[in-house]
Amino acid sequence: MVLAVIAACEIGFWVILGAGLVARYLLRWRRLGAVLLLGVPFVDVVLLVATVIDLRRGVEANFTHGLAAAFIGFSIAFGHSLVRWADQRFAHRFAGGPPPWKPPKGGWERAQYEWREWFKGLAGWAVACGLLVGGIILVDDRSRTEQLDAWIWRLTVALVVWLIAFPLWATLFPARPKE
């Protein structure tokens, strides 16, 4: 059940985002566009509620419960940036807005950008791990929550790899800024 809800939430995220941008820029219904864009985070609430209900039914926590926590954590951490990214591109393409912002290509500016993104990832990791620990406490049976423990390690390893491959690398070996 949770996997279907994750898929529906992912689709719902993009549908609500697209509807908000269409209302804002193509139909010129600014208020409706704003309401729809403010509704994007409710997708996370739906997924959280569905996951809690599933775990409360007594099922063994599986891969999809951990995936749901990761989805919610990183959606909270990167959601605003993703909406802003889509808004800039939509405004440029359909409403004569300025060209969208692009990340720096190199130098200290690129390293700063990589650190900002990694700290957003750290926030997503913290939220996801908090949800995973909450799931472990909710189930209150370590034999039924092994997958949630595994997700904490997966996310931690991914965060460490990201730290080394991007912000540390960009700081220690900065590429020359391209002009």
Side-chain angles (χ1 to χ4, degrees), residues 6-7 9-22 24-25 33-34 36-45 47-48 51 63-136 147-179:
I6 292 171
C9 286
E10 181 68 18
I11 293 166
F13 172 86
W14 290 105
V15 167
I16 294 170
L17 177 59
L21 294 173
V22 166
R24 174 182 271 183
Y25 293 111
L36 287 167
L37 292 175
L38 287 173
V40 168
F42 289 108
V43 170
D44 295 333
V45 174
L47 181 55
L48 179 61
T51 304
F63 183 86
T64 59
H65 295 100
L67 182 61
F71 179 93
I72 293 168
F74 287 91
S75 177
I76 289 171
F78 288 97
H80 180 73
S81 300
L82 187 56
V83 169
R84 186 175 55 244
W85 174 88
D87 187 61
Q88 288 176 351
R89 277 145 187 79
F90 208 90
H92 177 67
R93 175 99 164 100
F94 297 106
W101 178 85
K102 292 182 180 178
K105 299 285 185 192
W108 177 241
E109 293 81 18
R110 181 61 186 210
Q112 288 175 317
Y113 167 78
E114 294 295 347
W115 280 107
R116 273 192 312 273
E117 293 301 300
W118 186 81
F119 277 111
K120 286 184 211 172
L122 180 63
W125 172 87
V127 171
C129 288
L131 291 171
L132 291 164
V133 168
I136 292 167
Q147 280 295 316
L148 301 183
D149 286 324
W151 266 98
I152 292 171
W153 288 108
R154 283 183 192 108
L155 293 173
T156 302
V157 168
L159 193 68
V160 169
V161 168
W162 183 3
L163 171 67
I164 294 166
F166 290 93
L168 280 178
W169 189 267
T171 301
L172 298 174
F173 306 104
R176 289 187 177 175
K178 297 178 181 163
E179 298 180 26

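The environment of CZ in Arg93 is sparse: at most 12 heavy-atom neighbours from other residues, nucleotides or ligands sit within 6.0 Å. By the neighbour-count criterion of 12 heavy atoms within 6.0 Å, atom CH2 of Trp153 is sparsely surrounded, having that number or fewer from other residues, nucleotides or ligands. Around the CZ atom of Phe42, the shell of radius 6.0 Å holds no more than 12 heavy atoms that belong to other residues, nucleotides or ligands.
Atom CG of residue Leu67 and atom CZ of residue Arg154 lie 9.5 Å apart, to the nearest 0.5 angstrom. Atom-to-atom distance recorded for Leu163:CG and Leu168:CG is 4.0 Å, nearest 0.5 angstrom. Atom CH2 of residue Trp85 and atom CG of residue Leu17 lie 9.0 Å apart, to the nearest 0.5 angstrom. Leu132 CG to Gln147 CD: the interatomic distance, rounded to the nearest 0.5 Å, is 10.5 Å. Atom CZ of Arg89 is separated from atom CZ of Arg84 by 10.5 Å, given to the nearest 0.5 angstrom. Atom CD1 of Ile76 sits about 14.5 Å away from atom NZ of Lys120, to the nearest 0.5 Å.
In the model, Glu10 has a side-chain atom that pairs as donor or acceptor with a side-chain atom of Trp14 under 3.5 Å.
Counting all heavy atoms, side chain and backbone alike, Gly12 lies closest to Val43 at C-CG2, 4.2 Å. Annotation for Lys105 and Ala175: closest pair O-CB, 4.3 Å, computed over non-hydrogen atoms. For the pair Ile152 and Trp125, the tightest heavy-atom approach, listed with the atom from each and the gap, is O-NE1, 4.3 Å. Between Phe166 and Glu114, the shortest heavy-atom contact is CB-OE1, 3.5 Å. Heavy-atom minimum distance, Gly66 versus Leu148: N-CD2, 3.9 Å. In terms of heavy atoms, Ile72 sits closest to Asp44 at CD1-O, 3.9 Å.
Remark: side-chain polar atoms of Arg110 are paired, donor with acceptor, to backbone N or O of Pro104 under 3.5 angstrom.
Remark: aromatic rings of Trp101 and Tyr113 are close, center separation under 6.0 Å.
Here the side chains of Phe94 and Leu21 are not in contact, with every heavy-atom distance at 4.5 Å or above. A 4.5 Å side-chain heavy-atom check between Cys129 and Trp151 finds every atom pair outside the cut-off.
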Criterion side chain to side chain contact (heavy atoms under 4.5 Å, CB included) on Leu131 and Leu48, from CA distance to verdict: CA-CA 9 Å; Leu131 291 171; Leu48 179 61; 3.9 Å; yes
Worked check of side chain to side chain contact (heavy atoms under 4.5 Å, CB included) between Val40 and Phe13: CA-CA 6 Å; Val40 168; Phe13 172 86; 3.1 Å; yes
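Note: Trp115 and Trp118 have perpendicular aromatic rings, judged against thresholds of 30 and 60 degrees for the angle between ring planes.
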